[in-house]
*Asks:* 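There's a structure below that I have some questions on.
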Amino acid sequence: MSTPPRVRFAPSPTGFLHVGGARTALFNWLYARQTGGTLVLRIEDTDRERSSEAHTQVILDGLTWLGLDWDEGPLFQGAHADRHREDALRLLAAGKAYKDFMTAEELTAAREEAKAEGRPFRYHRAEVGLPPEETARREAAGMPHAVRFAMPDEELAWDDAVHGRISWQGRDLDDFIILRSDGTAIYNLAVVSDDVAMRISHVIRGDDHVSNTPKQIALYRALGHPVPTFAHVPMILGSDGKKLSKRHGATAVGDYREEGILPAAMRNFLALLGWSPGNDDEVLPLDEVIARFDLGGIMTKPAVFDTTKLEWMNGQYLSMLPAEELLAPVERELARLGIDPAGRDLLPVIEAVKARSRTITVVAEQVAARLPGATLPRDDKAHKLIDKLGDRFAINLGLAREALTAVVESAWQPAHLETVIKAVAEEGGLKLGDVMQPIRVALTGGTVSEPVHELLAVIGRDESLRRITAA
RNA sequence: GGCGCUAUCGUCUAGAGGCCUAGGACACAGCCCUCUCAAGGCUGGAACACGGGUUCGAAUCCCGUUAGCGCUACCA
């Protein structure tokens, strides 16, 4: 038994927790939980322009909402700027990096020139850069300089846990900057420095980082550290096959929370987006996902985020979860709707409507419609029914009201109410639906709901009779 | 442009040479159940990008083409 793995999730706080990031976090978390490893949360806040504390908090909240916890951190990359710099200087001292006195303007100009001539621009010490005497002059003059890594001409390959072997040639890569002219480290160096310091054994991250990996491997080697295992998980795309962005609607996990998606459903859906347990299972309990998760089961190709399937998944959870577990999110949603349940026991109401809803938002709306004093606008289908029935609508409703009024409070139970209504239909020689549907419209304003006798019970005797009379 | 990655139904995927006249799920259509809807059950349409190999045999292995995506910053 080897030492347990150490993995990390390292978001940069430059925006909300994106579903892609959330899934990367999920995969890291699953791997850590399954192997008894450690998950480190590291906030990569070295882009001071775009990073913010508010975003950090949103990301933390998002992870927590999803039920993902971490064992170490949050650690802030910015707090280790000194170590980053020391590593860069160590490389410089060892001759594995060098000073570059070229200014940003000169660089841009060189790049544009190359572009104009139609040749690829690659920064390599042997091809680009200032003449040695100019470098010496600027150094003597004490001008600011960046530090570039001297990319070795060697194969930089690794056995990716999801893709298999991936290989690059050092000669195709730039002598990239590791230290800015202001002395701060650049991403690739900071990441390697941190992953080494945090003893990260498995780097599980998005596919957009595969091209950073050879650079980082070169850095690990130059710094004299063993290279961790890399696992690059594919991107998540929008419905048009393009990278998921704002144009596709909700992309932040917070958006889905607002739309009434349950964390358990989101987790289940995300786990299956780009990873397969190997068989046809769809709705999988968390502990089973943890038990069955493996890096090799991660897809190699990007996946389209299908909101419809997410909602279906959420509907599955809504149906199977006990009303108790839905109470808190429903209350939260009700509060957002500005509705005060006034001490009413919501459990039976939630129980009555949850199977017919796909989101918590819809559950809350349905619950609200069953509370006293709810406004009940009639929908199109209701109007059509009324038109179709003509006089029968009011007549049948009247018959029902008469029979229902005779039912005393203590007998106001689903089973009894059903027999009462059936009796009304039978005595009047009416079709059951022609009696049930008007009641449903009177009670909800629409033509869709749980069985009418249950609906009557959930709404209660007084309120039901009041609504029927008002209709 | 260069480098890299990827390629099974509209979408998520099973498939790791014969079990595949390619299975499941979402979505869609129809039927059943039924007071409505949802759920559930049944049925249907729907895919191995293309071209070459290798092999007795290829969705599965190799090569090429095409397409998509990523990176190509003193961003992360």
Side-chain angles (χ1 to χ4, degrees), chain A residues 10-14 44-47 49-51 77 100 102-104 107-108 111 114-115 118-123 144-148 160 163 166-169 171-174 176-182 184-188 190-191 206-215 232 234-235 237 239 241-243 269 272-283 299-313 315-316 318-319 353-358 381 385 418 421-422 425 431-441 444 446-453 455:
Chain A
S12 48
T14 54
E44 309 212 319
D45 58 347
T46 49
D47 182 350
E49 304 276 293
R50 298 189 297 152
S51 298
Q77 189 161 60
D100 175 18
M102 224 179 192
T103 64
L107 253 180
T108 310
R111 240 181 230 113
K115 194 179 174 190
R119 61 183 162 82
F121 180 84
R122 204 176 89 267
Y123 195 104
H145 64 272
V147 175
R148 280 185 189 273
D160 196 277
H163 292 278
I166 297 180
S167 165
W168 297 65
Q169 293 301 326
R171 76 179 73 95
D172 292 326
L173 270 18
D174 280 35
F176 61 95
I177 288 178
I178 53 178
L179 217 54
R180 299 184 183 92
S181 47
D182 67 357
T184 60
I186 230 68
Y187 173 73
N188 282 118
V191 166
D207 249 356
D208 47 344
H209 285 289
V210 309
S211 47
N212 283 321
T213 306
K215 297 178 187 173
H232 289 96
M235 311 269 78
L237 275 22
S239 50
K242 299 253 192 279
K243 191 174 173 181
F269 177 76
L272 258 30
L273 189 65
W275 173 75
S276 167
N279 67 356
D280 296 335
D281 290 339
E282 298 282 345
V283 180
M299 286 321 113
T300 50
K301 70 160 185 172
V304 173
F305 192 91
D306 182 0
T307 313
T308 307
K309 189 160 184 177
L310 203 213
E311 287 176 359
W312 165 79
M313 181 73 77
Q316 295 292 308
L318 246 22
S319 293
V353 304
K354 71 188 183 70
R356 250 160 301 267
S357 309
R358 285 196 160 191
K381 292 234 175 107
L385 179 87
E418 186 175 13
I421 298 168
K422 282 188 171 163
K431 284 197 288 184
L432 234 200
D434 288 346
V435 181
M436 295 283 200
Q437 284 297 65
I439 300 176
R440 185 157 9 233
V441 168
T444 68
T447 59
V448 172
S449 84
E450 62 270 42
V452 165
H453 56 278
L455 178 64

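Keep in mind that what you see is a predicted model, and the values were worked out from it rather than measured. Per chain, numbering begins at 1; letters A, B, ... match sequence-line order.
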*Asks:* Quote, to the nearest angstrom, the C1' distance that separates B:rC28 from B:rG70.
*Replies:*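 It comes out at 34 Å once rounded to the nearest Å.
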*Asks:* Rounded to whole angstrom units, what separation is found between the CG atom of A:N212 and the C1' atom of B:rC3?
*Replies:* 13 Å
*Asks:* Hey, what are the protein-to-nucleotides 12-14 of chain B N/O distances that come in under 3.5 Å?
*Replies:*
{"from": "B:rC12", "atom 1": "OP1", "to": "A:V304", "atom 2": "N", "distance (Å)": "2.9"}
{"from": "B:rC12", "atom 1": "O2'", "to": "A:L272", "atom 2": "O", "distance (Å)": "3.3"}
{"from": "B:rC12", "atom 1": "O2", "to": "A:K309", "atom 2": "NZ", "distance (Å)": "3.4"}
{"from": "B:rU13", "atom 1": "OP1", "to": "A:G274", "atom 2": "N", "distance (Å)": "2.6"}
{"from": "B:rA14", "atom 1": "O3'", "to": "A:G278", "atom 2": "O", "distance (Å)": "3.3"}

*Asks:* Test your reading of the model: is there a side-chain donor-acceptor pair from A:S12 to the backbone of A:T14, 3.5 Å cut-off?
*Replies:* no
*Asks:* Give A:H209 one of three labels, base, sugar-phosphate or nothing, depending on what nucleic acid heavy atoms sit under 4.0 Å from its own.
*Replies:*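 Base contact.
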*Asks:* Between A:G433 and A:K215, which residue's closest nucleotide on RNA chain B lies nearer the 5′ terminus?
*Replies:* A:G433
*Asks:* Taking the same atom, C1', in B:rA46 and in B:rA25, what whole-Å distance lies between them?
*Replies:*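 These two C1' atoms come out 14 Å apart once rounded.
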*Asks:* Rounded off to whole Å, could you give me the CG-to-P distance for the A:L432 and B:rC35 pair?
*Replies:* 6 Å
*Asks:* Does the ring centre of A:Y187 sit less than 6.0 Å away from the ring centre of A:F176?
*Replies:* no
*Asks:* Looking only at atom C1', what distance separates B:rA39 and B:rU34, rounded to whole Å?
*Replies:* 12 Å
*Asks:* Contact class for A:T14 (heavy atom, under 4.0 Å): base, sugar-phosphate, or nothing?
*Replies:*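 No contact.
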*Asks:* In the structure shown, which nucleotide is the Watson-Crick or G-U wobble counterpart of B:rC69, with both distances under 3.5 Å?
*Replies:* B:rG4
*Asks:* What's the gap between B:rC9 and B:rG24 when it is taken at their P atoms, as a whole Å value?
*Replies:*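 Nearest-Å result for B:rC9 against B:rG24 at atom P: 16 Å.
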*Asks:* Got a donor-acceptor contact below 3.5 angstrom from the A:T444 side chain to the A:R440 backbone?
*Replies:* yes
*Asks:* Provide the distance between the two C1' atoms, one in B:rA7 and one in B:rU65, to the nearest whole Å.
*Replies:*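 Going atom to atom, C1' in each nucleotide, I get 13 Å.
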*Asks:* Does a side-chain N or O from A:T46 land closer than 4.0 Å to OP1 or OP2 of B:rA76, or not?
*Replies:* yes
*Asks:* Would you mind reading off the distance between A:E450 atom CD and B:rU36 atom P, rounded to a whole angstrom?
*Replies:* 14 Å
*Asks:* Should A:K242 be listed as having a side-chain N or O under 4.0 Å from OP1 or OP2 of B:rC69?
*Replies:* yes
*Asks:* Would you classify A:T300 as touching base, sugar-phosphate or nothing, given that sugar-phosphate means primed atoms plus P, OP1 and OP2, and contacts are heavy atoms under 4.0 Å?
*Replies:* sugar-phosphate
*Asks:* Go ahead and name the base partner of B:rC42; Watson-Crick or wobble counts if both distances stay under 3.5 Å, otherwise write none.
*Replies:* B:rG30
